Structures are given as structure tokens and as C-alpha cells.
Amino acid sequence: IDNDWIDRMTNQMKQKIESKLYDLTLYKDESDQRFKEQCRDNDRLRDELNTEKELIRDKDMKYAEMCKENERLRNDLELERKLNDTKDAEIESMKRTIEVLRKE
């Protein structure tokens, strides 16, 4: 084995290693870029999800308010019915009183 052959083999190995290092560096840079893009996509999706959650929370609050208002209106209606029933009973009582007075 002569020194020239060793030098040639060493240079070939060095070139292969440098080429592999270059390829790995490119791959790493591309991978880093994809990772950054995925992070941006994740941030965007998280923001969209938070916006959706806020909208749902707002709708839930509005629904709860509508339920309270509905219950209040139902109670008002029930009070109105009771008042009407009382007035109807008073009217019937007055009619009977008038009938009795007419007969006398």
C-alpha cells in the first residue's frame, strides 16, 4: 500500500463524509422549517379553537339568560292565570249576588 493510494482513499472518504454531512444539514434545515410551519399551524388552530370556545361560551350564556327569561315569563303567566281565576270567581259571586237580589 502506497501513500498515494492512502491519500486517495482518505480524500474519497472525506468527500463522502462531507457530502453526507451536507445532505444531513439540508435535511435538518428542511425538518426545522417543517417543524416551524407545524408550530405556526398549531398556533393558528389553537387560536381558532379558543375563538370557537368563546363563541360557544357566549351562546351558552345567552341560552341561560333566555331560560331565566322564559321562567320569569312562565311565572308571570301563572300569576296572571291565578289573578284571572280570582276575578272570574269574583264575577260569578257577584252574578249570584245579583240573582239573589233580583229574586228578593
Side-chain angles (χ1 to χ4, degrees):
I1 299 179
D2 64 7
N3 282 339
D4 284 342
W5 184 82
I6 293 175
D7 287 344
R8 276 195 315 276
M9 290 293 117
T10 302
N11 281 335
Q12 282 180 357
M13 291 302 290
K14 184 178 174 185
Q15 286 175 351
K16 285 181 182 180
I17 291 170
E18 286 175 348
S19 175
K20 193 66 164 173
L21 179 62
Y22 179 77
D23 290 345
L24 289 173
T25 302
L26 282 180
Y27 177 79
K28 182 191 175 300
D29 290 345
E30 289 172 0
S31 177
D32 287 349
Q33 185 63 31
R34 281 193 305 275
F35 177 76
K36 288 176 186 176
E37 288 171 5
Q38 287 175 343
C39 287
R40 280 193 297 273
D41 286 347
N42 287 346
D43 289 344
R44 181 184 53 78
L45 291 172
R46 185 174 31 256
D47 289 345
E48 288 177 12
L49 180 61
N50 287 336
T51 300
E52 287 296 319
K53 284 180 180 177
E54 288 175 22
L55 290 173
I56 290 170
R57 221 177 353 258
D58 289 347
K59 287 180 181 178
D60 285 348
M61 287 177 20
K62 287 179 184 175
Y63 179 75
E65 289 172 11
M66 288 172 54
C67 288
K68 286 179 186 175
E69 179 67 9
N70 191 25
E71 184 64 23
R72 187 189 65 75
L73 291 172
R74 188 174 300 137
N75 290 339
D76 288 352
L77 183 59
E78 186 61 30
L79 286 174
E80 193 70 31
R81 274 193 207 126
K82 287 178 182 177
L83 184 60
N84 285 342
D85 289 347
T86 302
K87 287 180 181 180
D88 287 345
E90 288 174 1
I91 290 170
E92 286 303 314
S93 175
M94 286 182 190
K95 283 180 181 178
R96 283 192 300 274
T97 303
I98 291 171
E99 284 299 317
V100 168
L101 290 175
R102 282 188 184 158
K103 288 180 182 179
E104 290 179 0

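Source: prediction; values computed, not measured.
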Residue pairs, two or more places apart or on separate chains, that pass salt bridge (charged side-chain N to carboxylate O under 4.0 Å, His left out) and touch residues 65-74: Glu69-Arg72, Glu71-Arg74, Arg72-Asp76

Rounded distance [0.5 Å steps], CD in Glu18 versus CG in Asn11: 9.0 Å

side-chain hydrogen bond (donor to acceptor under 3.5 Å, both in side chains) against Asp41, all qualifying residues, sequence neighbours excluded: none

Within residues 19-28 or reaching into it, pairs that qualify as salt bridge (charged side-chain N to carboxylate O under 4.0 Å, His left out) - sequence neighbours excluded: Lys28-Asp32

Contacts of Arg96 that satisfy salt bridge (Lys or Arg N to Asp or Glu O under 4.0 Å) - sequence neighbours left out: none

Pairing residues for Ile17 by the side-chain contact (heavy atoms from CB on, under 4.5 Å) criterion, not counting sequence neighbours: none

Ionic contact status for Glu37 with Arg34, cut-off 4.0 Å: no

Glu80: partners by side-chain contact (heavy atoms from CB on, under 4.5 Å), with sequence neighbours left out: Asn84

Partner set under side-chain hydrogen bond (donor to acceptor under 3.5 Å, both in side chains) for Arg46, not counting sequence neighbours: Asp43

Derivation of the side-chain contact (heavy atoms from CB on, under 4.5 Å) call for Arg57 and Glu54: CA-CA 5 Å; Arg57 221 177 353 258; Glu54 288 175 22; 3.4 Å; yes

Over all atoms of both residues, closest heavy-atom pair of Ile6 and Thr10: O-OG1, 2.6 Å

side-chain hydrogen bond (donor to acceptor under 3.5 Å, both in side chains) partners of Gln15, counting only residues at least two apart: none

ILVMFWY cluster membership beyond Tyr22 - transitive side-chain contacts under 4.5 angstrom: Leu26

Glu52: partners by side-chain contact (heavy atoms from CB on, under 4.5 Å), with sequence neighbours left out: Leu55

CG on Asp60 to SG on Cys67, rounded to 0.5 Å: 10.5 Å

Could you pull out all donor-acceptor pairs under 3.5 Å where a side-chain atom in residues 86-93 meets a protein atom, sequence neighbours excluded?
unit_1, atom_1, unit_2, atom_2, d
Thr86, OG1, Lys82, O, 2.9

Partner residues of Arg44 under the side-chain hydrogen bond (donor to acceptor under 3.5 Å, both in side chains) criterion, sequence neighbours left out: Glu48

